[in-house]
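So the structure is just underneath, and the comments pick up after that.
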There are 2 protein chains.
Amino acid sequence: METIKIGLLGCGTVGTGIIKLLTDNRHKHEHYVGRPLVVKKILVSTLDKQRDACIDPSLLTLNPSEIIQDPEIDIVVEVIGGISYAKEWVKLSLAQGKNVVTANKDLMATAGEELFLLAAEQDVDLLFEASVGGGIPIISPLKHALASNRIDKVMGIINGTTNFILTKMYQDGSDFSEVLELAKEKGYAESDPTADIEGFDAARKIAILASIAFNTRVTFDDVYVEGITSISARDIEYAKELNCTIKLVGLATEIDGHVEARVHPVLLSLSHPLAKVDDIYNAVYVEGDAVGDVMFQGLGAGAMPTASAVVSDVLQVAKNIVKGVTPRDNCSCYEKKKIVGIEDTYAQYFIRMTVADRPGVLAQIAGLLGNNAVSIDSVIQKKYCQGKADLVLITERVQDKNIKKSIEQIKHLEPVQALESLIRVEKDS
Amino acid sequence: METIKIGLLGCGTVGTGIIKLLTDNRHKHEHYVGRPLVVKKILVSTLDKQRDACIDPSLLTLNPSEIIQDPEIDIVVEVIGGISYAKEWVKLSLAQGKNVVTANKDLMATAGEELFLLAAEQDVDLLFEASVGGGIPIISPLKHALASNRIDKVMGIINGTTNFILTKMYQDGSDFSEVLELAKEKGYAESDPTADIEGFDAARKIAILASIAFNTRVTFDDVYVEGITSISARDIEYAKELNCTIKLVGLATEIDGHVEARVHPVLLSLSHPLAKVDDIYNAVYVEGDAVGDVMFQGLGAGAMPTASAVVSDVLQVAKNIVKGVTPRDNCSCYEKKKIVGIEDTYAQYFIRMTVADRPGVLAQIAGLLGNNAVSIDSVIQKKYCQGKADLVLITERVQDKNIKKSIEQIKHLEPVQALESLIRVEKDS
């Protein structure tokens, strides 16, 4: 019987997971596709490394051309990560008429358009479910099972490292730097955690989700990003008092044909479904005009969850090959919508400051906010220590540029000793 | 430009929602499919009824043959519900080489095999996403986006009526009958609520999910069913004390090639993702060997959520027609696995009884359970009123036949005044 032949670029933990899954469930996969799947070659960076028993050493190669140029290989799976080599080899593979499955969010969030053009020229599939949310099916439901809807909003907890850190801070009242060390110990944070804690990883993922949801190209550079390094235990205390938690979210909306995409911490009402997604779990919450709100939750990282998404993509491509219909999906970005700059976005804000503890301070600050068209929704004021008070304001929904202007002015008010925090708020579910 | 032509069987609230959605989002749909979709005929039971403005009266017909026999119609959408006419017309449509999209859980849970055979003979698609979980994408992710996994367990809150009732009972401490009346007032329960509160609706849905998850036919008759009518406010009080809630779940597992499918209330640990799914929301929790646990959550009923799923299915079929690949999916039940009878299943149990408040009673009951191979995990005993005590036992994981035998014997013990409740427990997430 004819087989579908796979070439694997990269054989780290995810690559090994892919081989294991293709081996363990091969009978189910063969039934699904109608033909057996066979891994023909595996590109590695060194041959003499100890590997899992499921890896056949005779398949290893140091030469990418042995995969890319092999006319027998139907599907190239890229799990190298990063951009430089991955991009070069994915482009060469597409140019050779190979179908490609990738788990690479960096690549898709920066070079998606270029790759889709190549795939369309060659009539091949380019799938990338594993690039967002690890094993959680989110890209394919958003593209297909929700295709009937106009999507209005996508909001996701799409970075496990920061969700672990914020969950621990919420549960134990501990400080950011302390929990970051714990996350490193547990292997949930890398030794250089910048991409996670500064929100860059989440920004790549929300760029991908926004592109699919709104049928317009949104790249990493279009996404406004704030990380979680300035979130303090005290912010979380106040969040609790306001029946909220603090989460790092990727958020994308379309309003009147204008698209917003941003990553930042939010005070999230405890009644919101995402508020209950803790630890290293990821979840993506979607609002559609017909479906209402739906949420997809699961493990957003790890070798086997990622392999689950990659191999499911391989099965779709393989089925398409058998049916003779690659590419089944064209690039879904057929529109060119305006991306809204952060200064023109609207949000509710949580503002926390240390002020002199004397009469008239709140009136002075409230007056200044009013002059900048910033209305106040609620206030908490508490004595902090001798002569100092904590002042916490929640604003109504206001424009970003007005809040920024207000903050600049507030900082210079005599009674304001420190502007501690400025965090957006998502109250409605 | 050539169009894809749709015939709609039924035009109630869901049918109207479908027409509205096909109208509102037609540009997006045309992009997705590559051709415009057109509703050509709508079967109704009466012509002279007030209808939504989106319904073109010239499309209405009283004669199903005008749809089924029309050679121009590519896709028949069935939203009549029930079995008799729906089954007849779906079969006739398939026999005429029409692709069929249905929202009909009764039909799929009883006649799925017969319909799939017909669809395969005719090389047409038969899709039914809306039959489980309303708008939540669950059937297509389970079939495709999780296809790489061996699925071990599916557990869902798949009936909104009972979830609303149990949520209210949990939140307000109210009794079943009281909340049922409220649910009727709010339109969440029908005037005859039997199918919902006795678990039959959920049983049809778990039969469908189990068939897909385990690649073997599971019908409504294979599902063990208990409803929620005997759940009392007192059970819920104890559930709270045990850090649990009570939910009606559909549960299907495969262990060593043997499949179990059942619907019954469970005491569910508050740490389980499903425990946080409240009100009329539905959610399906899936365990796969690679993906770990994933959960899909959203509105399980309502005209527009159901229309979302139906129209998304229509878009898949339409795309398959354009690509020339119907049927893309064959019936996934290619195995014949043994269905385990309820007496051979294992579970933890919550047993609540009223006993005489005197020494030695617990010892007597514990001894009896021990003789039937039932181990006890934990005990709560409380004075109830003069001379009476509440005795609550949580067992270890034990076989159903042993618990049933124990209960029969316990009932006849002299100090046992009433066996109040026997509810299964799901503690691990």
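In what follows, every chain begins at residue 1, and chains take the letters A, B, ... in the order their sequences are listed.
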Largest heavy-atom contact set with chain A, pairs under 4.5 Å, which of B/V310, B/D278, B/V277, B/D289:
B/D289

Students often mix this up, so state it plainly: with edges at 30° and 60°, are the rings of B/H31 and A/Y334 parallel, tilted or perpendicular?
parallel

Which of B/G292, B/S308, B/A307, B/A309 touches chain A most, by non-hydrogen pairs under 4.5 Å
B/S308

pair A/S140-B/H144: side-chain heavy atoms closer than 4.5 Å
no

Which region of A/K143, side chain (C-beta onward) or backbone (N, CA, C, O), has a non-hydrogen atom less than 4.5 Å from a non-hydrogen atom of chain B, or is it both or neither?
backbone

Examine distances only and state if a side-chain atom of B/K28 and a backbone atom of A/N149 form a donor-acceptor pair shorter than 3.5 Å.
yes

For A/N215, is it the side chain, the backbone, both or neither that has a heavy atom under 4.5 Å from a heavy atom of chain B?
side chain

Do the side chains of A/S148 and B/H29 get nearer than 4.5 Å, heavy atoms only?
yes

Donor-acceptor pair, side chain of A/K323 and main chain of B/T326, under 3.5 angstrom:
no

So do B/D329 and A/K319 actually touch side chain to side chain, heavy atoms under 4.5 Å?
yes

Note, A/R328 side chain near B/R328 side chain (heavy atom, < 4.5 Å):
yes

Do we see a donor-acceptor contact under 3.5 Å between the side chains of A/Y281 and B/D293?
yes

Under 4.5 Å to a heavy atom of chain B? For A/L146 that would be both

Residue A/Y32 versus chain B: region with a heavy atom under 4.5 Å
side chain

Can you name the nearest heavy-atom pair linking A/V294 to B/G298, along with the distance?
CG1-CA, 4.1 Å

Which one wins on heavy-atom pair count under 4.5 Å against chain A: B/K276, B/M295, B/M304?
B/M295

Decide if atom NE2 of B/H258 counts as having more than 12 heavy atoms of other residues, nucleotides or ligands within a radius under 6.0 Å.
yes

Residue pair B/S312 / A/A145: nearest heavy atoms and the distance that separates them
OG-O, 2.8 Å

